[in-house]
Amino acid sequence: MPVTLARLLNNRKLQLTLRGGNPAVEVRWADVSDQVDPTPYLDPGTMLLTTGLGFEETSAAWPHYVDRVVRAEVSALGFGVGLSHGRVPEALLAAAERHGLSVVEIPPSTPFAAIVRAVADGLSCDERSEQDLALERHRALLRAAATPPAHRSLVAALADQLGAWVLLLSRNGDLLAGSPDDARRHAERIRLAVSQQRPWSAAAFDLGGTRVTVLPVGRAERPSGLLAVGRGEPPTAHERGVIDAAVALLSLDVARAADLLDSERRERAAVLALVLSGRHEVAGQVAARLGLPLPEEPVRVAALIAEPELRGDLLEVLENDRSLQIVSALVAGDSGRRAVVVVPAVEGDIGVLQSALSSVAGSRGAVSDPVAMADLPRVWQRVATLADTLPPAAVQRLLTTRDVAELGLLAHVDATAARGWADALLAPLETEEARRIDLLGTVRTFLAHNGHAEASAAALGIHRRTLGYRLDRAQAALGRTFSDPGLRAEIWTALTVRDTPGEDEPA
């Protein structure tokens with residue numbers, strides 16, 4: 001049988017105080033949620049436990065909140081004081097009185113888990129199997145919250161308890177934690193799905209056959225993060241209570257974690273700026289004071305590029321790469337959209353960076369040859385420029401200066417625009433009259449033989465005077481002479497563009 005609110009009030013260990021309503025109401029379960037709208041997954045007869053984290057003390061939203069929970073047939077509201085509110089807000093109590101909703105004040109010394117446990121202990125054995133499972137899940141979350149870093153431990157525990165993938169994003173959309181390891185591949189799709197929501201709000205939607213539940217973490221006015229949970233089937237009411245409990249615990253930790261991450265990134269960016277400006281000795285002193293790593297010489301510097309919305313993902317992958325941590329690589333973002341890595345030139349260094357690029361869609365980058373730390377300012381501008389101008393063929397590739405050169409000029413220009421330019425340049429050599437005497441073929445052969453008339457005429461099987469006549473006609477059509485090296489280079493480039501198959505053409 002369900003327990004009554006009076007039974008919980010009489011439990012001296014809980015130290016609950018009735019602030020209004022009927023103590024005889026029945027409590028069929030207890031759930032924890034600090035969401036502005038916790039009702040979609042609440043079962044009738046639930047005692048809702050909250051700290052009111054989403055509302056200010058005098059918020060005008062309290063009446064709407066009470067109206068929602070009453071319509072969801074919540075049996076009682078337990079309000080925890082001492083965290084975000086020193087007392088139960090008067091606006092909440094007034095609204096609860098109008099609706100006849102029972103309100104209980106929970107002191108700071110009473111954990112919500114103790115109330116959930118008391119309700120579970122009061123249920124009859126045949127009703128307790130799912131509730132016992134939910135209670136054990138709550139306990140697992142509490143254990144995780146005590147294991148630093150708490151936000152990552154909580155995300156891992158929630159994923160394990162629900163058999164789901166779980167992502168935690170900061171208020172800027174950076175990935176703070178994900179579980180299991182491959183969960184981060186969903187991060188960009190979650191960002192896109194909620195991109196129009198500012199501030200973020202609770203939602204549930206289907207994403208490629210997966211039911212995704214997203215909940216803001218922190219205050220409603222300015223959430224400090226977003227929790228996303230995905231699996232094949234939607235969460236049950238009790239599982240939703242577990243998710244809400246995780247959000248409540250994360251709300252205490254994620255803002256601190258996000259601020260700490262921002263602070264660490266600013267410190268690393270400051271050290272990187274000193275290194276790239278040639279002040280590596282000062283950089284070493286600053287890094288030592290801040291407890292930041294600096295690699296041993298010789299080093300490489302890599303500039304890695306990602307789309308703006310994925311830059312945080314790329315930084316997160318690099319920051320958490322164990323191989324880079326072992327060799328004390330310096331990882332930081334610069335003022336542009338680059339992630340910069342100064343890494344010691346050791347065996348496998350480029351492979352580690354390439355692996356990071358491969359894990360973030362659309363990323364690419366350039367890396368220097370091994371140099372002394374003092375030489376980084378000299379090579380950095382070249383590496384940064386290469387990274388900024390890499391062609392589409394270089395997506396998810398890490399290239400050296402030699403690699404970029406081997407791609408060739410045409411890899412760096414738009415294929416459609418290049419084809420249009422080539423057609424326009426060669427058009428005077430492709431008129432009906434020009435085709436009749438094969439001006440284009442003659443010019444191609446002449447250029448292929450480096451302007452040697454005898455070799456060109458022999459290759460074409462014509463007399464040298466005939467070759468001269470055709471070249472004169474070609475120069476007249478073009479309005480320029482082949483003594484101009486610029487014209488020769490342009491025509492050869494145009495012919496090469498025409499000979500290169502487009503993306504929709506067979507090679």
Side-chain angles (χ1 to χ4, degrees), residues 1-35 38-39 41-53 62 65-83 85-90 92-143 236-245 248-249:
M1 293 184 59
V3 299
T4 64
L5 185 58
R7 180 172 175 179
L8 298 175
L9 290 166
N10 290 331
N11 186 331
R12 294 183 179 180
K13 292 181 179 179
L14 300 180
Q15 299 179 319
L16 305 179
T17 303
L18 182 66
R19 295 299 306 274
N22 181 9
V25 295
E26 295 180 340
V27 177
R28 296 184 177 275
W29 186 241
D31 265 340
V32 181
S33 178
D34 274 325
Q35 295 299 311
T39 60
Y41 298 93
L42 292 177
D43 282 341
T46 297
M47 180 179 181
L48 177 60
L49 310 178
T50 182
T51 65
L53 186 63
W62 283 121
Y65 178 82
V66 172
D67 182 63
R68 283 193 293 268
V69 299
V70 168
R71 282 189 279 111
E73 301 181 49
V74 166
S75 61
L77 183 66
F79 196 95
V81 298
L83 179 61
H85 298 275
R87 60 178 182 173
V88 182
E90 292 299 328
L92 170 61
L93 291 174
E97 183 177 2
R98 287 194 298 270
H99 286 280
L101 175 66
S102 298
V103 179
V104 172
E105 182 177 310
I106 307 169
S109 58
T110 300
F112 285 178
I115 300 173
V116 176
R117 187 181 305 115
V119 174
D121 289 344
L123 297 174
S124 58
C125 292
D126 59 350
E127 294 178 312
R128 291 178 55 176
S129 57
E130 188 173 0
Q131 287 88 341
D132 283 347
L133 177 58
L135 182 58
E136 178 52 40
R137 286 168 169 168
H138 280 79
R139 289 171 175 161
L141 293 180
L142 289 171
R143 290 192 295 269
T236 66
H238 287 297
E239 288 174 333
R240 176 55 186 260
V242 174
I243 296 173
D244 283 343
L249 293 168

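Sequence positions, counted from 1, serve as the residue numbers for this chain.
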Please report the shortest heavy-atom distance between Gln35 and Pro38, naming the atom on each side.
-> O-CD, 3.7 Å
When rounded to the nearest 0.5 angstrom, what is the spacing between CZ in Arg117 and NE2 in His138?
-> 11.0 Å
Just by modelled atom types, is the Leu48 backbone N or O under 3.5 Å from a matching donor or acceptor in the Thr46 side chain?
-> no
Can you measure from CG (Leu92) to CZ (Arg87) and round to the nearest 0.5 angstrom?
-> 11.5 Å
For Val119 and Ala30, work out which heavy atoms get closest and say how close.
-> CG2-CB, 4.0 Å
Closest non-hydrogen atom pair between Asp34 and Ala248, with its separation = OD2-CB, 4.0 Å
For the residue pair Thr110 and Lys13, what are the closest heavy atoms and their distance?
-> OG1-O, 4.2 Å
Could you state the interatomic distance from CG (Leu14) to CZ (Arg7), rounded to the nearest 0.5 Å?
-> 11.0 Å
If only atom types and distance count, is the side chain of Thr4 paired as donor or acceptor with the main-chain N or O of Ala24 below 3.5 Å?
-> no
State, yes or no, whether a side-chain contact exists between Arg137 and Glu239 at a heavy-atom distance under 4.5 Å.
-> yes
Hey, mind stepping through Val116 and Trp29 against side chain to side chain contact (heavy atoms under 4.5 Å, CB included) and telling me if it holds?
-> CA-CA 7 Å; Val116 176; Trp29 186 241; 3.8 Å; yes
Of the non-hydrogen atoms in Thr50 and Tyr65, which two are nearest, and what is the gap between them?
-> CG2-OH, 3.8 Å
Going from CD on Glu73 to CG on Leu42, what distance comes out if it is rounded to the nearest 0.5 angstrom?
-> 11.0 Å
Would you say Arg19 and Phe79 make side-chain contact, with heavy atoms under 4.5 Å?
-> no
Leu16 and its side chain to side chain contact (heavy atoms under 4.5 Å, CB included) partner, picked from Asn10, Leu8, Asn11 = Leu8
Any chance you could measure Glu90, atom CD, to Leu93, atom CG, to the nearest 0.5 Å?
-> 5.5 Å
Would Met47 and Leu5 count as a side chain to side chain contact (heavy atoms under 4.5 Å, CB included) if you check the C-alpha gap in whole Å, the side-chain angles of each, and the deciding distance to 0.1 Å?
-> CA-CA 9 Å; Met47 180 179 181; Leu5 185 58; 4.1 Å; yes
Do any N or O atoms from the side chain of His99 and from the backbone of Val66 form a donor-acceptor pair under 3.5 angstrom?
-> no
Taking side chain as C-beta onward, heavy atoms only, is Asp244 less than 4.5 Å from Asp31?
-> no
Heavy-atom pair of closest approach, residues Leu141 and Ala245 = CD1-CB, 4.2 Å
Is there a side-chain contact between Thr39 and Arg71, using heavy atoms and a 4.5 Å cut-off?
-> no
Expected output: side-chain Thr51 to main-chain Gly80 donor-acceptor under 3.5 Å | no
For the atom pair OG (Ser75) and CG (Asn22), what is the distance rounded to the nearest 0.5 Å?
-> 11.0 Å
